[in-house]
Amino acid sequence: MPGLTAPSDYAEEPPRHPDLRINSKEPFNAEPHRSALVSSYITPVDFFYKRNHGPIPKVDDISRYSVSISGLVNKHIQLSMDDIRMLPKYNVTATLQCAGNKRTAMSKVRKVRGVGWDISALGNATWGGAKLSDVLELVGIHKLSSVTSLGGKHVEFVSVDRCKEEKGGPYKASIPLKQATDPDADVLLAYEMNGETINRDHGYPLRVVVPGVIGARSVKWLDSIKIIKEECQGFFMQKDYKMFPPTVDWDNINWSTRRPQMDFPVQSAICTLEDVDVIKEGKARIAGYAVSGGGRGIERVDISVDGGKTWVEAHRYQKSNVPYVSDGAQSDKWAWVLFEATLDIPPNAEILAKAVDSAANIQPEKVEDIWNLRGILNTSWHRIKIQNSSCVSRSKM
């Protein structure tokens with residue numbers, strides 16, 4: 001594309017924060033330390049997880065950059081950044097989460113394929129840009145449409161990003177037209193992140209943000225939008241990010257038997273402790289995040305310090321000085337909820353966390369029950385094993 005190119009190597013990667021936990025260097029995939037993740041409701045850009053499939057595209061000439069809209073519509077157009085900025089701007093606070101978040105814990109049960117994410121492959125940002133529903137009206141697609149006059153039912157996003165999984169072709173994904181044209185779905189063509197111009201790592205100059213859906217559908221470095229009849233046939237829609245049962249392995253997998261994963265299930269994690277940690281006996285602050293897909297709020301977060309025999313409900317919050325109400329008018333429906341509880345920690349405790357969303361969906365207790373060969377959607381209860389410092393000290397005497 002004129003103005004935006006995908007480099008053939010990793011020689012011109014952008015600078016990154018030195019405190020990130022790097023899971024792979026080429027392509028660059030990294031996450032913040034868990035304790036830094038929940039230090040604020042809005043994730044600083046530097047500590048927002050980085051997920052890439054190849055070298056980071058770079059802008060050669062922003063004045064020449066444009067996005068094409070074509071396919072099963074009567075009108076095909078090219079939009080410059082100036083054209084997009086002339087549309088009404090919306091700010092949407094939304095959590096993006098990689099489908100492989102918490103993959104490392106799943107791999108301890110049985111080997112899986114994929115980037116070894118801890119619990120921080122997600123982040124919460126305020127995205128600024130034009131609503132996709134407004135953009136699509138420019139080619140004659142009315143809001144709340146489920147099919148175009150030419151039979152288009154899906155909206156495909158094609159990136160400048162080139163990846164080996166597509167045999168050197170572009171990364172791409174799609175969402176249903178009904179979702180794309182729904183103003184309340186808040187799908188954005190975003191050019192700002194946390195009030196600043198979006199940076200290269202996160203999609204400069206323009207990316208898609210699909211709230212409530214796994215991050216793989218929020219395509220960065222947008223090249224084109226195509227209105228198509230069937231869902232996208234790209235690798236990451238058809239040969240990845242699908243949920244299979246534990247009985248399926250690489251010898252018997254049939255990708256066509258499952259639909260592409262869209263909404264992410266209810267999820268939670270404790271961020272103030274490591275999975276195996278040493279603390280003194282007495283009170284300790286247990287804090288972390290909970291989030292669900294599809295715009296569902298978090299109704300409850302339960303904490304146990306005795307391996308699940310008894311439970312305490314944690315305090316939930318989003319913005320300061322605004323009481324959080326699941327699905328409340330003052331709540332950010334696409335964003336995570338932070339939680340905390342200060343509890344007495346018994347010797348050698350097993351601390352658990354589990355969340356319930358506003359549709360009464362619950363997290364599965366055991367990771368074994370949801371193991372899958374790609375290690376996605378590990379939403380099992382988060383478990384922390386505590387070794388009390390006094391016991392550890394005596395064992396070293």
Side-chain angles (χ1 to χ4, degrees), residues 1-16 20 22-31 45-46 48-71 76-84 96 98-100 114-115 121 127 129 132 135 155-175 188-193 196-210 214-226 228 232-241 260:
M1 165 192 289
L4 183 62
T5 58
S8 59
D9 57 39
Y10 295 90
E12 298 184 62
E13 293 287 280
R16 279 96 177 205
L20 289 175
I22 299 174
N23 296 321
S24 70
K25 290 185 177 180
E26 294 182 0
F28 189 82
N29 290 288
E31 61 189 304
V45 174
D46 282 349
F48 205 98
Y49 78 104
K50 321 297 181 189
R51 176 68 175 111
N52 298 296
H53 297 90
I56 306 300
K58 61 177 182 177
V59 172
D60 301 312
D61 184 353
I62 191 63
S63 67
R64 296 172 59 212
Y65 171 80
S66 65
V67 173
S68 64
I69 304 179
S70 62
H76 294 187
I77 62 173
Q78 293 271 350
L79 294 176
S80 68
M81 282 304 301
D82 286 342
D83 295 329
I84 293 167
L96 295 187
C98 179
V115 176
W127 309 94
L132 182 57
V135 173
V155 179
E156 181 180 67
F157 311 113
V158 182
S159 176
V160 172
D161 188 21
R162 304 284 165 171
C163 44
K164 64 180 182 180
E165 293 88 350
E166 294 285 4
K167 299 179 180 178
Y171 185 99
K172 51 189 174 182
S174 68
I175 62 173
L188 293 183
L189 298 191
Y191 46 81
E192 289 184 1
M193 182 179 182
E196 299 179 352
T197 299
I198 203 163
N199 70 14
R200 280 182 64 198
D201 260 328
H202 296 290
Y204 178 78
L206 193 68
R207 71 168 298 163
V208 183
V209 174
V210 187
I214 64 169
R217 314 307 177 210
S218 290
V219 174
K220 295 182 285 187
W221 311 294
L222 188 61
D223 175 60
S224 61
I225 297 171
K226 298 178 181 178
I228 54 179
C232 171
Q233 294 301 300
F235 179 91
F236 295 99
M237 290 287 289
Q238 300 304 326
K239 296 290 183 70
D240 204 354
Y241 299 123

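Side chains included, hydrogens not; waters and symmetry mates left out as well; all remaining heavy atoms used. Everything numeric in this text was worked out from a predicted model, so none of it was measured.
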Any heavy-atom pair between the side chains of Arg217 and Pro260 that's under 4.5 Å? yes
Hey, are the side chains of Leu222 and Arg207 touching, using non-hydrogen atoms and a 4.5 Å cut-off? no
Determine whether a donor-acceptor pair (N or O, by modelled atom type, separation under 3.5 Å) exists between the side chain of Glu13 and the backbone of Pro55. no
Within the structure provided, determine whether Phe236 and Cys163 are in side-chain contact (heavy-atom separation under 4.5 Å). yes
Could you give me the CA-CA distance, side-chain angles and deciding distance for Val219 and Val158, then say whether side chain to side chain contact (heavy atoms under 4.5 Å, CB included) is met? CA-CA 7 Å; Val219 174; Val158 182; over 6 Å; no
Nearest heavy-atom contact between Met237 and Ser174 is CE-OG, 3.4 Å
Quick check: do Leu189 and Leu132 have side-chain heavy atoms less than 4.5 Å from each other? yes
Nearest heavy-atom neighbours spanning Pro57 and Pro7: CA-CD, 3.7 Å
Considering all heavy atoms, the nearest Glu156-Gln233 contact: OE2-N, 4.5 Å
Are Gln78 and Ser66 side-chain neighbours, meaning at least one heavy-atom pair lies under 4.5 Å? yes
Approximate separation, where rounding is to 0.5 Å, of Tyr171 OH and Phe157 CZ: 11.5 Å
How long is the gap from CD on Gln238 to SG on Cys232, to the nearest 0.5 Å? 7.0 Å
To the nearest 0.5 Å, what is the distance between CG (Leu79) and CD1 (Ile69)? 4.5 Å
Taken to the nearest 0.5 Å, the spacing of Thr197 OG1 from His202 NE2 works out to 13.5 Å
Can you name the closest pair of heavy atoms from Trp127 and Ala190 and give their distance? CB-CB, 4.3 Å
Rounded distance (nearest 0.5 Å) linking atom OH of Tyr191 with atom CD1 of Ile84: 8.5 Å
Correct closest heavy-atom pair for Ser224 and Lys226 would be OG-CE, 3.9 Å
What's the shortest heavy-atom distance between Val210 and Val208, and which atoms? CG2-CG1, 3.7 Å
Does the side chain of Asp240 come within less than 4.5 Å of Glu165's, by heavy atoms? no
Answer yes or no: is there a donor N or O on one side and an acceptor on the other, between the side chain of Lys220 and the main chain of Arg51, under 3.5 Å? yes
I want to check something: taking the side chain as every heavy atom from C-beta on, are Ser159 and Lys172 in contact at a cut-off of under 4.5 Å? no
In sequence, state the C-alpha distance, the side-chain angles, and the governing distance for Asn23 and Tyr49, and then conclude on side chain to side chain contact (heavy atoms under 4.5 Å, CB included). CA-CA 11 Å; Asn23 296 321; Tyr49 78 104; over 6 Å; no
Among Ile56, Val59, Leu206, the one residue meeting side-chain contact (heavy atoms from CB on, under 4.5 Å) with Trp221: Ile56
Measuring from atom NZ of Lys50 to atom CZ of Arg16, what distance do you get when rounded to the nearest 0.5 angstrom? 8.0 Å
Is a donor from one side chain sitting under 3.5 angstrom from an acceptor on the other, for Lys164 and His53? no
Do the side chains of Phe48 and Leu96 get nearer than 4.5 Å, heavy atoms only? yes
Without swapping roles, check the side chain of Asn29 against the backbone of Asn52 for a donor-acceptor pair under 3.5 Å. yes
